[in-house]
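Take a look at the structure below.
Quick note on labels: first sequence line is chain A, next is B, and so on, each numbered from 1.
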There are 2 protein chains.
Amino acid sequence: MQAAARAFADKGFHATTTRDIASGAGLSPAGVYVHFGSKEELLFNLSRTGHESALREVRAAVADAATPTQQLADLVATFSQWHAEQYEIARVVQYEHHHLTPEHHAEVLALRKQIDAVVRGILEAGTREGLFTIDDIGDTALALLSIAVDVARWYSPTIRRTPAQIGATNAHLALRLVGAAT
Amino acid sequence: MQAAARAFADKGFHATTTRDIASGAGLSPAGVYVHFGSKEELLFNLSRTGHESALREVRAAVADAATPTQQLADLVATFSQWHAEQYEIARVVQYEHHHLTPEHHAEVLALRKQIDAVVRGILEAGTREGLFTIDDIGDTALALLSIAVDVARWYSPTIRRTPAQIGATNAHLALRLVGAAT
DNA sequence: ACGGTGACTAAGCGCTTGCTTAGTTTCGCA
DNA sequence: TGCGAAACTAAGCAAGCGCTTAGTCACCGT
């Protein structure tokens with residue numbers, strides 16, 4: 001799965017051959033099929049566990065914070081940091097999920113909607129408590145997720161900023177986006 | 001090129017066959033090769049003209065605005081709107097450019113850097129004139145571009161908002177991000 | 001010592017891929 | 001009307017694809 005994640009992130013699902021994955025894992029081409037029934041099954045396992053991992057981290061960050069302001073800051077920081085630290089899996093999660101079979105795609109989309117719902121929930125709470133000034137919750141949630149998700153696109157381990165620093169920066173920008181006091 | 005743009009945007013470069021492109025254009029598989037030497041050449045033509053089109057629009061928007069505040073708003077609005085209106089080409093531009101040959105990739109990267117430079121220039125001018133409050137110009141430019149570029153990922157013609165409305169929303173969010181008075 | 005089980009490979013099958021070749025049709029222009 | 005060039009196709013080639021098959025090997029409880 002590690003070899004597959006690396007290859008999918010680097011070249012994309014369809015440009016990756018099962019022979020790439022096998023040799024990346026130190027196996028013969030047939031060796032992969034002892035553990036996975038198909039290339040798509042490998043993508044699905046990566047995509048599902050990746051989404052679950054992100055959702056788990058996001059929920060933990062929100063649970064540990066007291067106010068909507070702190071929740072939003074921690075959520076964006078955690079989610080951004082995850083996209084940097086796990087940038088290979090994050091790229092598979094963000095850019096390859098539409099190559100899944102319809103059934104697998106639906107399963108993964110449900111997890112994505114849960115992440116979206118967490119963000120919306122915080123924005124609603126913050127607006128209700130008068131902490132945030134927001135025109136439209138859906139549009140703002142989308143912009144917040146854009147900033148965090150896009151980290152996977154441009155992040156590289158050779159970059160100036162550390163994942164933690166990226167998380168802190170994006171958390172700060174997020175609070176500005178919702179008009180929260182900092 | 002239209003058929004190729006549609007197919008590349010829909011399924012990705014490697015998942016698209018030359019037969020897909022040919023039949024999409026109403027040609028036999030060999031008919032494509034009368035006009036293009038290879039599938040990669042088609043991608044390069046789409047990617048180059050797409051980048052040039054985006055850069056042209058962005059530069060025009062900036063040239064027509066008086067203050068850095070107005071320039072930033074118009075740039076983000078125009079760039080976001082472009083990613084919605086031309087969402088098929090935009091997806092090719094944003095997600096397929098790394099499948100180009102190294103030479104072609106370098107040529108397209110130069111165009112991307114020019115777009116980046118326009119954004120940075122406005123942020124520097126706005127900061128210099130005391131209009132913007134920004135921690136780091138590079139980080140902020142990246143976040144602004146993330147919001148605009150990500151439109152190509154989620155936009156669909158069936159969506160509630162029009163491309164112009166998306167541009168207006170994102171322009172408003174952009175001004176918030178840089179701490180500009182609205 | 002031995003039988004069963006799971007991990008693994010060498011070889012390769014059937015199919016699809018990007019692209020070519022050889023030949024036909026269409027078309028602008030003299 | 002006739003001609004050269006450009007646009008196009010039917011057929012297919014070599015290579016690479018996902019995946020299978022038949023068989024070997026290492027290991028572990030009895």
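Distance, B:R19 CZ to D:dT9 P: 14 Å, rounded to whole Å. If you measure from atom NE2 of B:H99 to atom P of C:dG18, you get 13 Å, rounded to the nearest angstrom. Between A:D20 atom CG and D:dC19 atom P the separation is 14 Å, expressed in whole Å. In this entry the distance linking NZ of A:K39 with P of D:dT20 reads 14 Å, nearest Å.
In this structure, A:R91 fails the cation-pi test against A:Y95, since its NZ or CZ atom is not both closer than 6.0 Å to the six-membered ring centre and inside 45 degrees of the ring normal.
Aromatic ring centres of A:H83 and A:Y87 lie farther apart than the 6.0 Å criterion allows. Taking the six-membered ring where the residue is Trp, the centroids of B:H105 and B:H97 are separated by under 6.0 Å.
For the side chain to side chain contact (heavy atoms under 4.5 Å, CB included) test, no residue two or more places apart in sequence or in another chain qualifies with A:D64. With sequence neighbours left out, the side-chain hydrogen bond (donor to acceptor under 3.5 Å, both in side chains) criterion links A:R112 to A:H51, A:Q94.
Residues of residues 21-36 of chain A having a heavy atom closer than 4.0 Å to DNA chain C, listed by number: A:L27, A:S28, A:A30, A:G31, A:V34, A:H35.
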For this session: Let me see the working for A:Q70 and A:D74 under side chain to side chain donor-acceptor pair (under 3.5 Å), right down to the final yes or no.
Result: CA-CA 6 Å; A:Q70 196 60 48; A:D74 288 359; 3.1 Å; yes
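Considering only side-chain N and O atoms, A:T18 lies nowhere under 4.0 angstrom from the phosphate OP1 or OP2 of D:dC19.
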